[in-house]
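Working notes, beginning with the structure itself.
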Amino acid sequence: MDYQSYFTSALTKLKDEGNYRVFADLERHRGEFPRATCRREDESDVTIWCSNDYLGMGQHPDVLAAMHEALDRCGAGSGGTRNISGTTHDHVLLEAELADLHGKEAALLFTSGYVSNWAALGTLASQIPNCVVLSDALNHASMIEGIRHSRAQKMIWAHNDLADLEAKLASLPLEQPKLVAFESVYSMDGDIAPIKEICDLADRYNAMTYLDEVHAVGLYGPRGGGIAEREGLMDRLTVIEGTLGKAFGVVGGYIAASKELCDFVRSFSSGFIFTTALPPAVAAGAAASIRHLKSSTAEREAHQARVAQVRERLDEIGIPHEPNPSHIIPVMVGDPMKCKYISDILLEQYGIYIQPINFPTVPRGTERLRITPSPVHSQEDVDRLIDALEALWVQCQLARRPMAAQ
Ligand SMILES: *Cc1c(COP(=O)(O)O)cnc(C)c1O
């Protein structure tokens, strides 16, 4: 086999479909985020409108101070797996902070949210004898891979569809172990799962629940515990999973659950055991971010206000965006080439960076620009975004909604 030409032809196919991924080479400016330098043929300043650092915590003074302090105190890396010299006091404190955030007995850290889903779901589903995983159809790739890796029996229920979930639960013997895996805020459509009703079904059919709150932690609930906190449901979930890399602005992932469950995953999960622990400075920064957002609601309030304002401005000029109850604004383009083209022009001519979201991240025909307003976007940033989108919608002859009567 000619390996190189195989790689080239596979990539050419992706390019022809408009689904080839091109990274923007960015350098974020501390204290000025969402501003960044973008390096292409030359350097230019851009405003980022698609970051998952939803609150700008990646540059919060408390977070940076904690990271500097830990770096100066302990040095760069952790030096080992958690079991072999890699557990520092910063890891212990961070796990306590996370358990408290979610009202659980314990928490367990992983190197990313992806790894936490992959490892925790993979371990639970493979180690619990005869376990069936009931997985929402739109679950994140990390959950899907974890479930697949477990080789457990899997049933996929239609997205957020309680009747379908119930039918699948009812088809299984009551005593058979079951795990219902789902998300709170779905990252591409921004819709929110009916958590209470899912927990009710899980109770009725004797199932465990596993909730990915990656796009909600830090952002919802009185202390940033996520949608389950906001709705007073944290105690009803068997496992709450989250990331430290999005609203908390650093990196890492975790689960929060009972002491026994966390100890079980800690003891049996390859993806936890056999990898170097996060650097202490990362753990300290994440803990500072969580601590800040537990007591401060200013960021969450400003975030919601900014999101509402951008939606309103899009409505005023008739640009179609999927309505949803979260902070994610999917502006629908519905064509991979046009989506990429708009994104390119926004970057080149307007200094606005919004990554196109194409297949396989979303289904074909639903290609979109996923806009994530934040408290660190200014009024002027919003004005420039709206003006640019308006001009591009005219230029590309994209469909608009009927505009509100003048
Ligand atoms: C981003 C994401 C993850 C992975 O989290 P990382 O910390 O980025 O690895 C898990 N679940 C969902 C729904 C995500 O969007």
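When a ligand or atom number is given, it counts from 1 through the structure's own listing order.
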Fill in: Residue-ligand contact Ser142/ligand 1, heavy atom below 4.0 Å
yes
Worksheet item: Are any of the N or O atoms of Gly113 closer than 3.5 Å to those of ligand 1?
Response: yes
Practice prompt. Kindly write out the residues that satisfy ring-ring contact (aromatic ring centres under 6.0 Å, His included) with His68, not counting sequence neighbours, or none if the list is empty.
Written response: none
Worksheet item: Do Arg368 and Thr361 get their side chains close enough for a donor-acceptor pair, meaning under 3.5 Å?
Response: no
Response to the item:
Hits for ring-ring contact (aromatic ring centres under 6.0 Å, His included) against Tyr353, two or more places apart or cross-chain, chain-then-number order -> none
Worksheet item: Can you tell me which residue and heavy atom of the protein come closest to atom 15 (O) of ligand 1, and the distance to 0.1 Å?
Response: His215 NE2, 2.5 Å
Discussion item. Closer than 4.0 Å to some heavy atom of Ser112 - which atoms of ligand 1 meet that?
Written reply: 7 (O), 9 (O)
Worksheet item: With ring centroids as reference points, do His327 and Tyr220 lie under 6.0 angstrom apart?
Response: yes
Worksheet item: Is the shortest N/O to N/O distance between Thr243 and ligand 1 below 3.5 Å?
Response: yes
Worksheet, complete the sentence: Honestly, for Asn117 the part within reach of ligand 1 (heavy atoms, under 4.0 Å) is side chain
Fill in: Protein contact of atom 14 (C) of ligand 1 - nearest heavy atom, named by residue and atom, plus distance
Lys246 NZ, 3.0 Å
Discussion item. What verdict does the ring pair (Phe, Tyr, Trp, His ring centres under 6.0 Å) test give for Tyr186 and His215, after you've listed the backbone C-alpha separation in whole Å, the side-chain angles of each residue and the deciding distance to 0.1 Å?
Written reply: CA-CA 7 Å; Tyr186 284 83; His215 290 277; 9.5 Å; no
Worksheet item: Between Glu183 and ligand 1, is there a nitrogen or oxygen pair with a distance under 3.5 Å?
Response: no
Discussion item. With heavy-atom distances below 4.0 Å as the criterion, list the atoms of ligand 1 near Tyr114.
Written reply: 4 (C), 5 (O), 6 (P), 9 (O)
Worksheet entry | Heavy atom of the protein closest to atom 11 (N) of ligand 1 (residue, atom name, distance) | Asp212 OD2, 2.7 Å
Worksheet item: Can the ring centres of Phe110 and Phe272 be said to be less than 6.0 Å apart?
Response: yes
Discussion item. Please report whether the ring centroid of Phe268 lies less than 6.0 Å from that of Phe264.
Written reply: yes
